[in-house]
Amino acid sequence: MTLSTQERFDLITNNLEEIIGADELKMMLESGKEINHYVGFEISGKLHIGQAVMIMQKVKDLMDAGIKVHIFLADWHSYLNDKFAGDLVLIKEVADGYFKEIFKAAILMLGGDPEKLNFITASEYYSSHPDFWLTFLEVSKNTTLSRIERSISIMGREEGAAKDFGSLAYPPMQAADIFAMNIQIAQGGIDQRKIHVIMRDTADKIKTNAPMFDGKRVKPVAIHTKLLPSLAKPAIWPIPEDMDKRELLNKGKMSKSDPNSAMFMMDDPQVIRKKIMKGFCMEKEIGYNPILEWMDMIVFARETGGITIERPDEHGGNISFADYADLQTKFENGDVHPIDVKNYLADYLINLFAPARAYFEEPSKKAMLERVEEILEIISKKKK
RNA sequence: CCGGAGGUAGUUCAGUUGGUAGAACGGGGGACUGUAAAUCCCUAUGUCGGUGGUUCAAGUCCGCCCCUCCGGACCA
């Protein structure tokens with residue numbers, strides 16, 4: 001089964017929030033040469049649903065499109081961002097074992113081949129490629145402090161919050177990662193946009209590890225997936241007429257640090273159900289409705305043939321939807337109730353995650369999971 | 001390095017002349033809705049930055065230390 005260039009392009013770009021450099025991508029696909037992709041992750045104890053589904057589904061699409069995919073384990077970046085209380089030894093331990101397995105589990109549940117995932121650990125890459133640091137300096141030299149500062153909100157910090165100088169090294173590191181590893185497609189959530197733009201802007205100026213493809217200088221392409229909104233009630237409700245819904249969704253993106261707004265791939269089924277049930281969902285309201293957004297971004301993105309919600313006759317019996325627009329119409333009319341949708345979504349996620357949970361039933365993997373829980377326990381005590 | 005202002009609940013802060021630590025928001029639980037939200041009840045918060053001292057008694061007074069913010073100084 002060989003795909004046409006157009007089919008490959010469509011696989012890579014479907015369901016994206018945006019692509020920067022579509023022309024470069026087409027050109028590279030035309031060449032038929034191997035294309036390297038990467039997506040970076042800070043090391044954490046859990047994979048949240050945005051990473052597990054939105055990011056990894058795109059990795060699976062890329063895999064299907066014949067792109068060489070890389071998962072970049074950003075251990076030093078995690079240290080800069082105070083993950084695991086800034087304990088590099090613990091970060092490294094988790095990165096080397098458990099964290100790789102959790103990505104294999106994620107790609108497996110999405111129907112991909114774990115063998116096709118290539119892992120690169122930041123610290124190891126840096127020590128074997130010392131010229132990375134010259135690239136890092138070149139990126140730094142070719143951008144400005146104010147752009148770095150503006151790009152830094154991706155680290156999940158509030159603006160104005162105390163930041164150390166090391167955190168400023170983060171964006172140029174991330175840009176330099178892409179050049180040093182000879183990446184043609186850099187993937188991230190739309191929150192990574194500012195850093196990727198810095199990367200693209202400096203791409204022409206880099207001398208060491210200049211981005212080359214097929215003998216030519218080509219700016220790496222940035223692809224950005226959508227962010228799942230928080231299920232909590234928005235800060236402002238009702239929403240004023242003149243407010244940009246997209247801005248609001250962005251503001252309400254899930255935060256890993258707030259356990260109530262985030263859902264994790266390895267959450268117990270009953271926890272998943274509870275989190276969905278707690279979600280803000282106004283009856284007949286389609287203007288701002290995070291539950292419906294999840295249906296769109298998760299369910300309809302995958303179920304292109306439509307879905308059927310099963311429900312007892314007393315609540316109207318089973319009801320089918322051809323696509324998301326159909327769901328919106330019927331929801332707005334009141335043909336389908338929030339609980340119907342929530343039940344469906346909860347079941348859907350529980351089933352979707354089931355293979356990943358099963359993957360960790362295997363004794364050696366279970367031991368890793370328990371060890372990570374132990375580490376997280378140590379960290380929370382350490383913080384106190 | 002000097003000066004100023006700070007450090008109290010998850011967050012923003014209040015805390016009288018020293019006398020058992022508070023509010024709001026957020027969190028948790030319940031009522032009401034076929035969900036959630038809104039509304040109404042109920043509820044838990046904590047090494048008061050650390051340490052030594054004065055005192056019957058210290059968040060509060062004193063000494064030392066740590067950290068944050070602002071300004072100044074230094075700039076061969």
Side-chain angles (χ1 to χ4, degrees), chain A residues 44-46 48-49 80-83 85-87 145 149 152-153 155-168 228-241 243 245 248-249 251-264 267-299 307 309-319 321 327-328 330-350 376-384:
Chain A
S44 67
K46 294 170 169 182
H48 75 71
I49 183 172
L80 284 180
N81 211 6
D82 290 320
K83 290 288 153 63
D87 188 328
L145 178 58
E149 285 181 319
I152 226 155
S153 64
M155 294 167 67
R157 302 259 177 90
E158 280 177 50
E159 277 177 56
K163 59 172 174 287
D164 52 74
F165 179 75
S167 63
L168 296 176
L228 286 172
S230 162
L231 294 179
K233 188 187 70 148
I236 311 156
W237 183 263
I239 313 243
E241 292 282 325
M243 181 167 266
K245 182 183 142 206
L248 200 80
L249 285 173
K251 217 176 257 178
K253 85 161 189 168
M254 280 197 308
S255 161
K256 276 171 276 186
S257 47
D258 178 1
N260 281 308
S261 84
M263 180 181 293
F264 301 95
D267 275 345
D268 288 331
Q270 59 269 38
V271 172
I272 290 171
R273 193 173 297 282
K274 192 176 176 191
K275 286 178 177 174
I276 294 295
M277 285 304 170
K278 282 192 73 68
F280 176 78
C281 188
M282 293 289 286
E283 193 171 356
K284 300 181 185 176
E285 167 69 45
I286 60 168
Y288 182 89
N289 192 317
I291 292 287
L292 291 191
E293 299 283 346
W294 280 40
M295 289 296 290
D296 182 24
M297 294 185 200
I298 299 171
V299 177
I307 65 164
I309 292 181
E310 295 178 8
R311 59 182 182 185
D313 290 339
E314 59 170 315
H315 293 308
N318 295 358
I319 183 167
F321 307 90
L327 172 64
Q328 282 185 303
K330 288 173 176 158
F331 190 85
E332 194 169 27
N333 291 340
D335 296 336
V336 59
H337 190 272
I339 288 184
D340 302 331
V341 181
K342 284 184 173 180
N343 281 333
Y344 181 90
L345 182 58
D347 289 340
Y348 189 89
L349 292 175
I350 289 165
L376 291 173
E377 190 78 10
I378 293 167
I379 297 298
S380 72
K381 275 180 188 158
K382 204 169 170 182
K383 277 181 180 165
K384 279 177 187 173

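These numbers were taken from a predicted model, which means no experiment stands behind them. Every chain is numbered from 1 and lettered A, B, ... according to where its sequence line falls, protein lines coming before strand lines.
- Using a 4.0 Å heavy-atom cutoff across all strands shown, A:Asp340 reaches at least one base atom of the nucleic acid.
- With a cut-off of 3.5 Å on both pairing distances, B:rA73 has no Watson-Crick or G-U wobble partner at all.
- Note: CD1 (A:Ile339) to C1' (B:rA37) measures 13 Å, nearest angstrom.
- Using Watson-Crick or G-U wobble geometry with both donor-acceptor distances under 3.5 Å, B:rA36 finds no partner in any strand shown.
- The residue A:Glu314 sits apart from the nucleic acid: no heavy atom pair falls under 4.0 Å.
- Only the C1' atoms considered, B:rA73 is 37 Å distant from B:rG15, to the nearest whole Å.
- Atom-to-atom, NZ of A:Lys275 to C1' of B:rU35 comes out at 18 Å; the value is rounded to the nearest Å.
- Protein atom CE of A:Met263 is 14 Å distant from nucleotide atom C1' of B:rA36, rounded to whole Å.
- Using N1 to N3 plus N6-O4 or O6-N4 for Watson-Crick, or N1-O2 and O6-N3 for G-U wobble, each under 3.5 Å, B:rA14 pairs with nothing.
- Just one residue in the list A:Ile339, A:Ile319, A:Ile276, A:Val299 forms a side-chain contact (heavy atoms from CB on, under 4.5 Å) with A:Tyr344, and that residue is A:Val299.
- When both pairing distances are held under 3.5 Å, B:rU55 makes no Watson-Crick or G-U pair with any nucleotide shown.
- Straight-line distance from the NZ atom of A:Lys342 to the C1' atom of B:rU35: 4 Å, rounded to whole Å.
- Across all strands shown, the partner of B:rA5 is B:rU68, judged by Watson-Crick or G-U wobble contacts whose two distances both fall under 3.5 Å.
- The side-chain heavy atoms of A:Leu228 and A:Glu293, taken from C-beta on, include no pair separated by under 4.5 Å.
- Atom pair A:Phe280:CZ and B:rG26:P shows a separation of 14 Å (rounding to whole Å applied).
- Taking atom CE of residue A:Met282 and atom P of nucleotide B:rU33, one finds them 17 Å apart after rounding to whole Å.
- A:Lys342 NZ to A:Arg273 CZ: the interatomic distance, rounded to the nearest 0.5 Å, is 12.5 Å.
- Taking a 6.0 Å sphere around CD of A:Glu310, one finds it holds 12 or fewer heavy atoms contributed by other residues, nucleotides or ligands.
- Of the candidate nucleotides B:rA36, B:rG29, B:rG34, B:rG29 has the atom lying nearest to any side-chain atom of A:Lys274.
- B:rG27 is paired with B:rU43 under the criterion used here, namely a Watson-Crick or G-U wobble arrangement in which both key atom distances are under 3.5 Å.
- Within 6.0 Å of CG in A:Asp313 there are 12 or fewer heavy atoms belonging to other residues, nucleotides or ligands.
- At whole-Å resolution of the value, CD in A:Glu283 and P in B:rG34 are 10 Å apart.
- Between the NZ atom of A:Lys278 and the P atom of B:rG27 there is a distance of 8 Å, rounded to whole Å.
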